[in-house]
Visitor: 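Below: one structure in structure tokens.
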Amino acid sequence: DSGVTQTPKHLITATGQRVTLRCSPRSGDLSVYWYQQSLDQGLQFLIQYYNGEERAKGNILERFSAQQFPDLHSELNLSSLELGDSALYFCASSVAGLVSDTQYFGPGTRLTVL
Amino acid sequence: AQSVTQLDSQVPVFEEAPVELRCNYSSSVSVYLFWYVQYPNQGLQLLLKYLSGSTLVKGINGFEAEFNKSQTSFHLRKPSVHISDTAEYFCAVSDPMDSNYQLIWGAGTKLIIKP
């Protein structure tokens, strides 16, 4: 158990809909990362937050947005969903958000878009 | 910009045999190097990382990796694999001077243990 929690575990929805994925980092970690993992694209970094502020942006679509709240939990919002958004979405956390930090991954949310 | 190449998408190996999973990165400037493992239906977890110092890094579950600056490689090795090592292994690299704070991830190598 990494100490990172993600809800829900599974999500099934239809094209065009909007969903929110939630992540609680390990106690004491200030930085949160979001990743998408799919069979065709592999592991893709989406976005990183540190203490409530966006720190780094990866391959995140404009239809996707995220935020980190004062209690340090984070939400990833996916809108206008397409079939190709079906994937595993991981949240990870680290102490200080540095490139030398170990990232601790949650168990993931499996999103299925029908 | 940095890139990471994991040369093998799958590596089949017999149980109790040694294994090497290969990882090469593009730039020879200072780097931090990581190996993460993803067991079936789980998130990733850190196996080991190189930040500085000894080029031979020991990790969890009997794995080790050697940082080779001249060959820009960070290959992962285990002298004797077990069925429980079945997983996907990801190499990642970061640049200590990178203000983007990003890890660059390899495509992953699936380790398949044959009984």
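All chains are named by letter (A, B, ...) in the order of the sequence lines, taking the proteins before the strands, and each is independently numbered beginning at 1. Side chains are part of it too, since the values below use all heavy atoms of this structure and drop only hydrogens, waters and symmetry mates.
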Visitor: I'd like to know if B/Met97 and B/Val93 are part of one continuous hydrophobic network [Ile/Leu/Val/Met/Phe/Trp/Tyr, side-chain heavy atoms within less than 4.5 Å].
Guide: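 Each belongs to a different hydrophobic cluster.
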Visitor: Should we count CZ of B/Phe14 as having more than 12 external heavy atoms under 6.0 Å?
Guide: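 Atom CZ in B/Phe14 is not packed in, count stays at 12 or less.
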Visitor: If you count heavy atoms of other groups shown closer than 6.0 angstrom to CG of B/Asn41, is the number above 12?
Guide: no
Visitor: Which of residues 102-115 of chain B have a heavy atom under 4.5 Å from any heavy atom of chain A?
Guide: B/Gln102, B/Leu103, B/Trp105
Visitor: Taking every non-hydrogen pair under 4.5 Å, which of B/Leu44, B/Asp95, B/Leu46, B/Leu51 racks up the most with chain A?
Guide: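 Option with the greatest count: B/Leu44.
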Visitor: Is any residue of residues 2-19 of chain A within less than 4.5 Å of chain B by heavy atoms, and which ones?
Guide: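 Listed by number: none.
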Visitor: What residues of residues 28-52 of chain A make heavy-atom contacts with chain B at a cutoff under 4.5 angstrom?
Guide: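 Within residues 28-52 of chain A, near chain B: A/Tyr35, A/Gln37, A/Leu43, A/Phe45, A/Gln48.
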Visitor: Does a sphere of radius 6.0 Å around CD in B/Gln42 hold more than 12 heavy atoms from other residues, nucleotides or ligands, not counting ones at 6.0 Å or beyond?
Guide: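 Atom CD in B/Gln42 is packed in, count exceeds 12.
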Visitor: Are B/Val81 and B/Ile83 connected in a single hydrophobic cluster, I mean Ile/Leu/Val/Met/Phe/Trp/Tyr linked by side-chain heavy atoms less than 4.5 Å apart?
Guide: yes
Visitor: Say whether B/Phe63 and B/Tyr39 are linked into one hydrophobic cluster, either directly or through other cluster members, by side-chain heavy-atom distances under 4.5 angstrom.
Guide: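 Both belong to a single hydrophobic cluster.
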Visitor: Please check if the number of heavy atoms outside A/Glu54 that lie under 6.0 Å from its CD is greater than 12.
Guide: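 Check passes, neighbour count above 12.
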Visitor: What residues of residues 83-114 of chain A sit under 4.5 Å from chain B when you count only heavy atoms?
Guide: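 Against chain B, the residues of residues 83-114 of chain A that fall inside the cut-off (heavy atoms, under 4.5 Å) are A/Phe90, A/Gly97, A/Leu98, A/Val99, A/Ser100, A/Asp101, A/Thr102, A/Gln103, A/Phe105, A/Gly106, A/Pro107.
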